[in-house]
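These notes are about the structure you will find just below.
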Amino acid sequence: MSDVKYQASATDGKEILRILESSAAKGSIELIYTRRPDAYASYMKESGEARVFVSKDEERTIGTCAEIVRDVYIGGEIHKAAYICGLKKDAVYNGSIGFGAEFIRELRRDDIDFYYCSVVSDNTVTQKMFAKSRRIVAMKPIATYKTYILNPKVKLKSPRHSFIFRQATIQDIPRLLEFLNTQGKMKDLFPVIHSFDDYYNLSYKDFFLLMDRDRIIATGALWNQTDYKQYVVKKYRKLMKIARIANPLFSLLGYIKLPCENEPLAFPMLSFFLSRDDSEEFYRIFLCKIMGEIAKSYDMFVIGLAQNHFAVPTIDKLPSIHFETKLYRVSFPWSNQNYKEVDSRMIYPECALL
């Protein structure tokens with residue numbers, strides 16, 4: 001590949017971070033998703049191959065974007081997908097950020113079968129921008145995705161069972177990898193997990209298992225990523241401002257203790273959460289058990305589900321702070337590339353990788 005005009009380097013990390021934090025997602029909670037302390041280094045810690053781009057006005061960095069390429073399952077087969085993320089303009093810059101046709105062409109590669117991105121549902125400006133750019137990039141909505149921030153101490157009734165819940169051991173690695181890939185390949189956009197070493201700050205020890213004798217029937221990992229990417233509440237608005245004042249009362253109702261403004265949230269992601277054959281019973285049992293484990297160290301945890309995930313009715317009944325994003329398939333009308341299609345009923349990207 002020729003040199004990329006917009007390619008970022010390690011020296012751009014602080015400026016990229018500044019742009020990521022220059023504006024917050026709007027809504028009743030103004031939230032920023034950021035990558036402290038160094039945004040470039042943070043992207044480099046993502047699994048797969050990360051490419052980071054910047055746009056500059058002379059020496060001033062005015063826009064940024066990243067593309068993370070990973071192996072994922074689509075239609076039960078392994079394909080290479082690119083997740084386009086972090087597209088942001090410096091909020092105080094009034095001109096164009098220069099991400100036009102030339103930049104879009106840098107994103108496309110012959111070896112990538114599927115491109116996708118996510119946009120916060122309240123971000124109508126970006127959605128309108130996508131709608132106007134059909135000649136150089138086409139955006140097709142494929143799913144609505146909800147991210148939940150939950151209190152691990154909330155009451156959830158578990159079905160009666162005789163299964164064993166325990167932390168994974170080094171001896172579990174082969175069957176754990178097999179379970180994750182066997183069950184994960186039934187989902188579109190679920191990551192192919194070759195080795196836990198491919199994921200920064202994640203090991204087999206972070207996984208917990210629900211066992212039926214010697215068979216894994218559900219699993220999930222408590223993955224704390226807050227040392228290199230974070231959620232920060234910038235401001236509470238409308239009803240949430242009142243809720244912040246009445247926080248002790250809402251905590252009694254099972255909601256999380258609302259965090260202070262401008263402080264990163266401390267939590268693990270409940271990641272790679274799968275139950276055998278999408279069993280709601282196994283899922284619910286595991287969720288009850290893992291919440292008890294989370295409550296030992298944290299006041300909150302995060303999980304993400306696409307709209308058609310079988311567990312949405314269960315999670316929707318729990319008191320939560322949540323926000324929606326729209327997932328889009330990205331394609332390039334000017335190229336002759338054949339893109340894979342995903343089944344909107346089977347989409348299950350891993351929240352910790354978005």
Side-chain angles (χ1 to χ4, degrees), residues 1-13 15-17 19-20 33-55 61 63-75 77-88 99 102-119 137 142 177 180-181 184-185 187-203 221 223 225 227-229 269 271-272 304 327-332 335 337-340 342 347-354:
M1 175 182 278
S2 61
D3 291 339
V4 179
K5 176 182 177 181
Y6 300 96
Q7 188 79 54
S9 68
T11 59
D12 294 306
E15 280 296 283
I16 296 171
L17 180 66
I19 291 173
L20 291 179
Y33 177 55
T34 187
R35 291 176 173 271
R36 298 175 182 175
D38 182 312
Y40 182 87
S42 173
Y43 282 121
M44 293 302 108
K45 290 174 180 175
E46 293 286 350
S47 63
E49 177 191 352
R51 300 198 298 157
V52 187
F53 305 93
V54 292
S55 181
T61 302
T64 184
C65 177
E67 180 181 60
I68 301 170
V69 181
R70 302 185 177 99
D71 287 341
V72 302
Y73 290 107
I74 299 177
E77 298 179 345
I78 298 174
H79 293 279
K80 199 171 289 293
Y83 177 56
I84 300 170
C85 58
L87 177 59
K88 200 158 189 181
F99 284 167
E102 183 181 358
F103 167 74
I104 294 298
R105 290 178 187 275
E106 299 289 2
L107 295 175
R108 198 196 72 81
R109 285 176 18 183
D110 291 338
D111 62 332
I112 294 174
D113 301 309
F114 190 86
Y115 298 82
Y116 65 111
C117 70
S118 61
V119 180
V137 60
I142 54 174
L177 287 171
L180 288 166
N181 286 292
K185 73 188 303 181
K187 318 290 184 185
D188 282 353
L189 301 184
F190 192 84
V192 179
I193 305 176
H194 302 288
S195 167
F196 300 129
D197 293 336
D198 295 336
Y199 298 88
Y200 183 80
N201 201 30
L202 179 73
S203 81
W223 191 4
Q225 302 174 299
D227 67 332
Y228 67 103
K229 54 185 180 180
M269 291 276 191
S271 304
F272 310 110
L327 296 180
Y328 290 86
R329 187 202 69 179
V330 182
S331 60
F332 308 101
S335 94
Q337 191 169 3
N338 292 320
Y339 301 103
K340 300 299 295 184
V342 296
I347 290 176
Y348 187 11
E350 169 50 50
C351 186
L353 301 180
L354 293 178

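Side chains included, hydrogens not; waters and symmetry mates left out as well; all remaining heavy atoms used.
- If you look at Tyr116 and Tyr83, their ring centroids are closer than 6.0 Å.
- Under a 3.5 Å cut-off, the side chain of Asp188 and the backbone N or O of Gly75 do form a donor-acceptor pair.
- For Arg70 (side chain) and Ser47 (main-chain N/O), a donor-acceptor pair under 3.5 Å exists by modelled atom type.
- When only modelled atom types and interatomic distance are considered, Thr11 and Tyr40 share no side-chain donor-acceptor pair under 3.5 Å.
- Taking a 6.0 Å sphere around NZ of Lys185, one finds it holds 12 or fewer heavy atoms contributed by other residues, nucleotides or ligands.
- The heavy-atom pair separating Ser271 from Ala352 by the smallest distance is OG-CB, 3.5 Å.
- Between atom OG of residue Ser335 and atom CD1 of residue Ile104 there is a gap of 12.0 Å, rounded to the nearest 0.5 Å.
- The cationic atom of Arg108 (NZ for Lys, CZ for Arg) does not lie both less than 6.0 Å from the six-membered ring centre of Tyr115 and within 45° of the ring axis.
- Phe272 and Phe196 have their aromatic ring centers separated by at least 6.0 angstrom.
- Of all the heavy atoms in Ala10 and Asp38, the pair that sits closest is O-OD2, 4.4 Å.
- When atom types are taken as modelled, the side chain of Asp198 and the backbone of Ile193 share no donor-acceptor pair closer than 3.5 angstrom.
- How far CD1 of Ile16 is from OG1 of Thr34: 11.0 Å, rounded to the nearest 0.5 Å.
- Nearest heavy atom pair, residue Lys88 against residue Leu20, reads NZ-O, 2.6 Å.
- Among all heavy-atom pairs drawn from Asp110 and Gln337, the shortest one is O-NE2, 3.8 Å.
- Summarising the geometry, atom OG belonging to Ser118 is positioned 8.5 Å from atom OH belonging to Tyr33; distances are rounded to the nearest 0.5 Å.
- Using a 4.5 Å cut-off on side-chain heavy atoms (C-beta onward), Leu353 and Trp223 make contact.
- In this structure the side chain of Ile142 never reaches within 4.5 angstrom of the side chain of Tyr328, judged on heavy atoms.
- Contact check on Glu49 versus Arg109 returns a salt bridge, with a Lys/Arg side-chain nitrogen under 4.0 Å from an Asp/Glu carboxylate oxygen.
- Aromatic rings of Phe190 and Tyr348 (six-membered ring for Trp) have centroids within the 6.0 Å cut-off, being under it.
- A distance-only check finds a donor-acceptor pair linking the side chain of Asp113 to the backbone of Lys80 [under 3.5 Å].
- Judged by distance alone, the side chain of Glu106 and the main-chain N or O of Tyr6 form no donor-acceptor pair under 3.5 Å.
- Contact record, Tyr339 with Ser331: CE1-CB, 3.7 Å, taken as the closest heavy-atom pair.
- Here the closest heavy-atom approach between residue Ile84 and residue Cys117 is recorded as O-CB, 3.2 Å.
- With contacts defined as side-chain heavy-atom distances shorter than 4.5 Å, the pair Asp12/Val52 does not qualify.
- The shortest side-chain heavy-atom distance between Phe114 and Val72 does not fall under the 4.5 Å cut-off.
- With Thr64 contributing its side chain and Phe53 its backbone, the two residues share a donor-acceptor pair below 3.5 Å.
- Within the model, atoms CD of Glu46 and CD of Gln225 stand 7.0 Å from one another, a figure rounded to the nearest 0.5 Å.
- Atom CG of Asn181 and atom NE2 of His194 lie 7.5 Å apart (nearest 0.5 Å).
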